[in-house]
Undergrad: 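Sharing a structure, written as structure tokens. Questions coming.
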Amino acid sequence: MSTQAIYDVVEIFTSINGEGPLVGQLAVFIRMKGCNLSCSYCDTKWANETDAPAREMTANQIYQTILESGIKNVTLTGGEPLYRPFIKELLKLLASDSSLHIEIETNGSINLEPFCNLGTSVSFTMDYKLSCSNMEQKMCLNNFSILEPKDTVKFVVGSLADCQKAFEIIQSYQLEGRCHIYLSPVFGMIEPSQIVEFMKQNKMNGINLQIQMHKVIWDPEERGV
């Protein structure tokens, strides 16, 4: 491992997982600075700014902070954590501790292949950016062939047209049964009940509606939760 590897971390905090297969469970969140996308509905734009305040940390410092938290679920998020230089070195270090479960939240534009084979304790939660994000053209479609049962695809939908596109992708890439699949409403753009009706009409078995729990418990704009 490079002794010079430095990571710009804008937040480290402990909370509950607000979404995904481990929803409601405690996790320590490592939020990296910077992103290669600019989604219309992004709720962490502040972390993507070039002048966002960040703490420079080595991989070992991040690992020690996780150990001190006493929390076994670790979520790497951003921004886009896989966009950071030397991120694979950090992932290898965290994956070497079999007591931890590492979840990588990634925006769907980064090729996941270089980050595979890190072990069973590492999983991806990958977005597919639909039309409401204005970033759909940036998606790396090859990633659908990489996902495993431990991984998750999240479709953030802002309209019924987005729901239809998500449905078509799930069918085209035969995702049902291959990984966890979630439909999540863009906050304030579509009612969850509309998504449920769409799921019923299209017999979307094995697909989960997801409401971001942390935005229900706390103010949607609050940080560090």
Side-chain angles (χ1 to χ4, degrees), residues 17-24 35-45 47-48 75-83 103-113 115-116 123-217 220-221:
N17 266 307
E19 50 193 344
L22 300 180
V23 64
C35 189
N36 60 321
L37 300 185
S38 182
C39 296
S40 62
Y41 50 72
C42 180
D43 55 7
T44 55
K45 285 184 178 180
N48 304 334
T75 300
L76 293 181
T77 187
E80 171 53 62
L82 298 183
Y83 181 59
E103 179 184 4
I104 304 169
E105 291 191 338
T106 182
N107 62 27
S109 70
I110 306 290
N111 182 9
L112 300 183
E113 192 168 1
F115 307 101
C116 293
S123 64
F124 298 111
T125 293
M126 188 191 82
D127 282 7
Y128 180 88
K129 303 296 185 184
L130 293 156
S131 62
C132 66
S133 71
N134 298 326
M135 292 287 123
E136 188 172 8
Q137 72 277 10
K138 302 288 188 179
M139 295 296 94
C140 179
L141 299 178
N142 181 63
N143 286 335
F144 287 127
S145 66
I146 293 171
L147 298 174
E148 300 180 7
K150 63 181 178 177
D151 299 320
T152 297
V153 175
K154 180 176 67 174
F155 296 94
V156 180
V157 299
S159 65
L160 290 177
D162 281 346
C163 290
Q164 180 63 36
K165 183 60 179 293
F167 178 60
E168 292 170 2
I169 291 171
I170 292 166
Q171 289 189 313
S172 295
Y173 291 93
Q174 299 179 320
L175 297 180
E176 184 184 338
R178 286 188 46 223
C179 59
H180 304 284
I181 306 171
Y182 290 84
L183 300 180
S184 184
V186 178
F187 195 75
M189 284 187 66
I190 186 172
E191 291 299 322
S193 60
Q194 294 177 271
I195 302 175
V196 174
E197 286 303 314
F198 183 89
M199 293 170 67
K200 288 163 58 179
Q201 292 168 13
N202 290 278
K203 309 295 189 295
M204 295 180 72
N205 295 299
I207 315 301
N208 302 280
L209 172 68
Q210 172 175 268
I211 307 296
Q212 292 177 299
M213 185 183 291
H214 53 287
K215 291 187 177 180
V216 176
I217 299 175
E221 301 299 322

Undergrad: Is P149 close to R178 at the side-chain level, that is, under 4.5 Å between some pair of heavy atoms?
TA: no

Undergrad: Does Q137, at its CD atom, have more than 12 non-hydrogen atoms belonging to other residues, nucleotides or ligands within less than 6.0 Å?
TA: yes

Undergrad: Does atom CD of E136 have more than 12 heavy-atom neighbours from other groups under 6.0 Å away?
TA: yes

Undergrad: With a 4.5 Å limit on heavy-atom distance, are the side chains of T152 and E105 in contact?
TA: no

Undergrad: Do C163 and F155 come close enough that some side-chain heavy atom pair is under 4.5 Å?
TA: no

Undergrad: Mind checking whether I170 and M204 have side chains closer than 4.5 Å, heavy atoms only?
TA: yes

Undergrad: Can you see which heavy atom on M126 is nearest to which on G108, and at what distance?
TA: CG-CA, 3.7 Å

Undergrad: So how far is it from S145 OG to Q174 CD, rounded to the nearest 0.5 Å?
TA: 12.5 Å

Undergrad: Side chains of E103 and N17: does their closest heavy-atom pair fall under 4.5 Å?
TA: yes

Undergrad: Ignoring hydrogens, what is the shortest heavy-atom contact between D151 and S123? Give both atom names and the distance.
TA: OD1-CA, 3.5 Å

Undergrad: Are side-chain heavy atoms of F198 and Q164 found at a separation under 4.5 Å?
TA: yes

Undergrad: Assess whether side chain to side chain donor-acceptor pair (under 3.5 Å) is satisfied between N36 and E80, documenting all intermediate values.
TA: CA-CA 7 Å; N36 60 321; E80 171 53 62; over 6 Å; no

Undergrad: For residues M199 and I207, report the shortest heavy-atom separation together with the two atoms involved.
TA: CE-O, 3.3 Å

Undergrad: For residues G20 and Q210, report the shortest heavy-atom separation together with the two atoms involved.
TA: N-OE1, 2.6 Å

Undergrad: Among I190, D162, V157, find the residue that satisfies the side-chain contact (heavy atoms from CB on, under 4.5 Å) test when tested with C132.
TA: D162

Undergrad: List the atom of P81, the atom of L76, and the distance in Å for their closest heavy-atom pair.
TA: CG-O, 3.7 Å

Undergrad: What verdict does the side-chain contact (heavy atoms from CB on, under 4.5 Å) test give for I169 and Y128, after you've listed the backbone C-alpha separation in whole Å, the side-chain angles of each residue and the deciding distance to 0.1 Å?
TA: CA-CA 9 Å; I169 291 171; Y128 180 88; 3.2 Å; yes

Undergrad: Checking K129 against V156 for the side-chain contact (heavy atoms from CB on, under 4.5 Å) test, could you report, in this order, the C-alpha distance in whole Å, the side-chain angles of both residues, the deciding distance, and whether it holds?
TA: CA-CA 7 Å; K129 303 296 185 184; V156 180; 5.6 Å; no

Undergrad: Are any side-chain N or O atoms of N208 and backbone N or O atoms of I181, one a donor and one an acceptor, separated by less than 3.5 Å?
TA: yes

Undergrad: Mind listing the closest non-hydrogen atom pair of P192 and P185 along with its distance?
TA: CG-CG, 4.2 Å

Undergrad: Just wondering, do L82 and L112 contact through their side chains at under 4.5 Å, heavy atoms?
TA: yes

Undergrad: Between atom CE of M135 and atom SG of C42, what is the distance when rounded to the nearest 0.5 Å?
TA: 10.5 Å

Undergrad: Which value, rounded to the nearest 0.5 Å, describes the distance between I211 atom CD1 and L183 atom CG?
TA: 10.5 Å

Undergrad: Do other residues, nucleotides or ligands put more than 12 heavy atoms under 6.0 Å from the NZ atom of K150?
TA: yes

Undergrad: List in chain and number order the residues that pass salt bridge (Lys or Arg N to Asp or Glu O under 4.0 Å) with E197, two or more places apart in sequence or in another chain; answer none if no residue qualifies.
TA: K200

Undergrad: Students often mix this up, so state it plainly: with edges at 30° and 60°, are the rings of F144 and Y173 parallel, tilted or perpendicular?
TA: tilted

